[in-house]
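Scroll down for the structure; my scribbles are underneath it.
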Amino acid sequence: MKKKFYITTPIYYVNDKPHIGHAYTTIAADVLARWHRAQGHDVFFLTGTDEHGDKVAESAKKQGMGVEEFVEKNAAEFEKTFTNLNIRFDVFMRTTFPEHNESVQIFMRKLKDAGALYEGVYQGLYCKGCEDFYMEKDLIDGKCPIHNIPPEIVKEKNWFFKLESYLPRVRELIESGEIAVEPEARKNEVLGLFKQELKDFSVTRERVRWGLDFLGTGQKIYVWVEALQNYISAVGYGRDEKQFKKWWPADVHLMAKDIIKFHAIYWPAMLIAAGVETPKKIYAHGFFSLDGKKMSKSLGNVIDPNDLVKKFGADATRFLLLLQFPFGQDGDIKESKFVEQYNAFLANSIGNLVSRVATLVEQSGSTLPSRQDLDEKKILIKRFLKDLPQEIERMDFNAALSTIFTALKNLNEDIARDKPWEMEVGDEGRLSLLRGYVDGILEVARALEPFMPETSKAVIHQFTAKKITKGRPLFPRMS
RNA sequence: CGCGGGGUAGAGCAGUAGCAGCUCGCCGGGCUCAUAAUCCGGAGGUCGUGGGUGCAAAUCCCACCCCCGCAACCA
């Protein structure tokens with residue numbers, strides 16, 4: 001049987017437009033998904049949108065739109081952005097899909113029947129104007145920062161999840177690595193959380209309107225609790241046991257570091273309570289700053305990935321984002337360097353190499369001997385690329401890209417040493433050298449597929465054609 | 001006493017004990033098949049500071065300094 005690989009991104013909150021951070025996580029997931037497909041694995045790549053909760057309802061109101069209309073529009077925006085980036089997801093999950101609700105109801109029922117839920121009273125500071133609860137620390141002079149009125153103490157009857165009962169087991173699973181939390185630093189961080197206060201939390205809301213019903217109680221399910229369940233609802237939990245059995249547990253939940261607590265602690269605890277297997281790996285990558293500043297709407301330095309695609313194309317955008325710093329760490333992105341890096345890596349390296357080899361081949365009549373006889377260069381390139389699988393599997397995309405570009409550099413050096421242009425165009429030695437270069441380029445193109453699918457396809461097409469011709473530059477130099 | 005990450009060439013990073021490396025940029029030279037691309041060579045670092053252990057420390061230990069996240073929108 002084929003090995004299966006189930007990878008997820010978080011489902012993104014449709015409160016706002018997609019930005020470069022959403023793109024980053026999703027591109028990384030796509031690289032892994034494409035890699036596993038190329039290995040012949042049966043891959044399920046899930047992404048989507050989280051559409052419930054008061055914040056969404058408020059935003060809709062602010063824009064004078066109905067909630068349904070609003071989420072429809074924003075979800076479409078996310079899907080379109082990912083399509084523009086050439087993300088090949090298998091399902092774009094939306095928490096407003098009826099199937100999601102169906103699975104969620106079954107899961108919540110399971111939790112309740114297992115005795116993992118109990119009724120309790122939530123007491124909080126409630127602002128009538130905002131129709132929302134505040135924490136003490138968020139108040140200004142004891143007043144709501146927006147309406148400038150003191151909030152009332154309001155008690156709400158909620159259902160709570162017995163998180164504390166499941167913590168020891170979750171901790172065990174993380175410590176033993178049965179739930180791998182990566183990178184290592186994140187694992188330490190999560191284990192550190194167990195020393196702090198982790199309390200039972202309420203899984204329902206009485207006052208929220210825009211959300212999923214909690215088992216016909218008139219309460220709504222807390223949006224996080226329900227959103228996490230997209231990972232199982234998308235593969236048919238409670239609805240399609242065959243499908244569910246095939247894909248679950250997830251091989252990787254990929255996300256940024258801000259939501260690791262929900263994924264590494266709350267989510268496994270809920271799964272354990274409901275008698276469902278826990279995910280195999282939780283990987284949280286870092287945040288980036290833009291030109292040394294934190295990315296934020298208030299600073300107005302948020303980058304729209306669609307703008308990058310317009311300027312550089314999908315492949316180059318994917319490449320440039322992953323190139324910036326080692327995956328998993330925090331790092332800084334300087335947009336001003338994008339052009340320089342585009343030229344250095346894409347125009348000068350692979351783009352130029354393709355041109356020069358294509359021209360040489362064209363001069364020799366556009367056809368080459370078949371590859372059986374003479375293949376040293378290909379083998380050489382393979383040696384340069386030998387670490388690539390491990391690098392991608394441990395999500396060191398940065399290292400993987402540098403491996404690929406080292407191989408390209410090597411090819412350029414070979415060509416300079418061989419000087420094929422000094423030989424007669426029909427010379428057998430020349431043809432055999434060119435055959436080697438072409439094989440090398442093809443090898444690199446295949447390695448590049450997860451990162452730059454269009455480029456990979458174009459190059460393979462160009463060099464496996466009957467007549468190899470120069471064609472247009474892959475990455476025209478930019479100034 | 002908060003938690004965590006980090007301080008190595010102009011920039012971005014690798015390097016957990018054995019002559020300090022990579023990529024980009026910069027400078028000089030070569031080449032002309034190629035997108036002023038490519039190839040060869042070069043300059044540039046007292047590895048945050050001060051102590052300690054070792055034959056040997058960027059790497060281990062101690063102290064200190066500095067930067068960035070951990071409040072909101074938010075990957």
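Per chain, numbering begins at 1; letters A, B, ... match sequence-line order.
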For nucleotides 24-26 of chain B, list the nitrogen or oxygen atoms of the protein found under 3.5 Å from its nitrogen or oxygen atoms, one pair per line.
| residue | atom | partner | partner atom | Å |
| --- | --- | --- | --- | --- |
| B:rC24 | O2' | A:Glu340 | OE2 | 2.8 |

(request) Grab the OH-P distance between A:Tyr12 and B:rC73 for me, whole Å please. (result) 18 Å
(request) Find the distance A:Leu254:CG to B:rA75:P and express it as a whole number of Å. (result) 13 Å
(request) Using the C1' atoms only, state how far B:rA37 lies from B:rC74, rounded to an integer number of Å. (result) 41 Å
(message) Between A:Val354 and A:Phe463, is there a side-chain heavy-atom distance shorter than 4.5 Å?
(response) yes
(message) Quick one, A:Phe45 and A:Thr26 - any side-chain contact, counting heavy atoms below 4.5 Å?
(response) yes
(message) Using the rule given for side-chain contact (heavy atoms from CB on, under 4.5 Å), can you reason through A:Asn84 versus A:Lys310, listing the C-alpha separation, both sets of side-chain angles and the distance that settles it, and then say yes or no?
(response) CA-CA 9 Å; A:Asn84 286 346; A:Lys310 254 178 237 154; over 6 Å; no
(request) Describe the nucleic acid contact of A:Lys257 in one word from base, sugar-phosphate, nothing, applying a heavy-atom distance below 4.0 Å. (result) sugar-phosphate
(request) Find the distance A:Leu434:CG to B:rA34:P and express it as a whole number of Å. (result) 13 Å
(request) Decide yes or no on ring pair (Phe, Tyr, Trp, His ring centres under 6.0 Å) for A:Phe201 and A:Tyr266, but give the supporting numbers first. (result) CA-CA 9 Å; A:Phe201 59 91; A:Tyr266 296 177; 4.6 Å; yes
(request) Could you tell me whether A:Arg94 and A:Glu51 have a side-chain N and a carboxylate O separated by less than 4.0 Å? (result) yes
(message) Between C1' on B:rA34 and CZ on A:Arg477, what's the gap in Å once rounded to a whole number?
(response) 13 Å
(request) Please name all residues satisfying side-chain contact (heavy atoms from CB on, under 4.5 Å) with A:Gln341, sequence neighbours left out, ordered by chain then number. (result) A:Leu320, A:Leu323, A:Gln324, A:Lys337, A:Phe338, A:Phe345
(request) Measure across A:Ala458 and A:Leu474 and return the closest heavy-atom pair with its distance rounded to 0.1 Å. (result) CB-CD2, 4.3 Å
(message) Tell me if B:rG30 is syn or anti. Syn = glycosidic torsion within 90° of 0, anti otherwise.
(response) anti
(message) Using a strict threshold of under 4.0 Å (side-chain N to carboxylate O), is an ion pair present between A:Lys409 and A:Glu413?
(response) yes
(message) Please list all pairs meeting salt bridge (Lys or Arg N to Asp or Glu O under 4.0 Å) that have one or both residues in residues 343-354 of chain A, counting only residues at least two apart or in different chains.
(response) none
(request) Would you kindly give the NZ-to-C1' distance between A:Lys470 and B:rA34, to the nearest whole Å? (result) 6 Å
(message) Just to verify, what does A:Arg356 make a side chain to side chain donor-acceptor pair (under 3.5 Å) with, not counting sequence neighbours?
(response) A:Asn412
(message) Which residues in residues 20-33 of chain A have a heavy atom closer than 4.0 Å to any atom of RNA chain B?
(response) A:Gly21, A:His22, A:Thr25
(request) Could you work out the separation of B:rC47 and B:rC19 based on their C1' atoms and round it to a whole Å? (result) 15 Å
(message) Please report the distance, rounded to the nearest Å, between CZ in A:Arg417 and C1' in B:rU38.
(response) 14 Å
(request) Taking only Lys NZ, Arg NE, NH1 and NH2, and the carboxylate oxygens of Asp or Glu, determine whether A:Arg205 and A:Asp54 approach each other closer than 4.0 Å. (result) no
(request) Kindly express the pairing pattern of RNA chain B in dot-bracket notation, using | wherever a base pairs with another strand and counting only Watson-Crick or G-U pairs under 3.5 Å. (result) .(((((((.[[[[.)..(..]]]].(((((.......))))).....[[[[[..)....]]]]])))))).....
(message) B:rA37, OP1 or OP2 - any side-chain N/O from A:Arg356 closer than 4.0 Å?
(response) no
(request) Choose from B:rA75, B:rU35, B:rC73 the nucleotide whose nearest atom is closest to any side-chain atom of A:Asn15. (result) B:rC73
(request) Could you tell me whether A:Asp307 and A:Lys311 make a salt bridge, using a distance below 4.0 angstrom between a side-chain N and a carboxylate O? (result) no
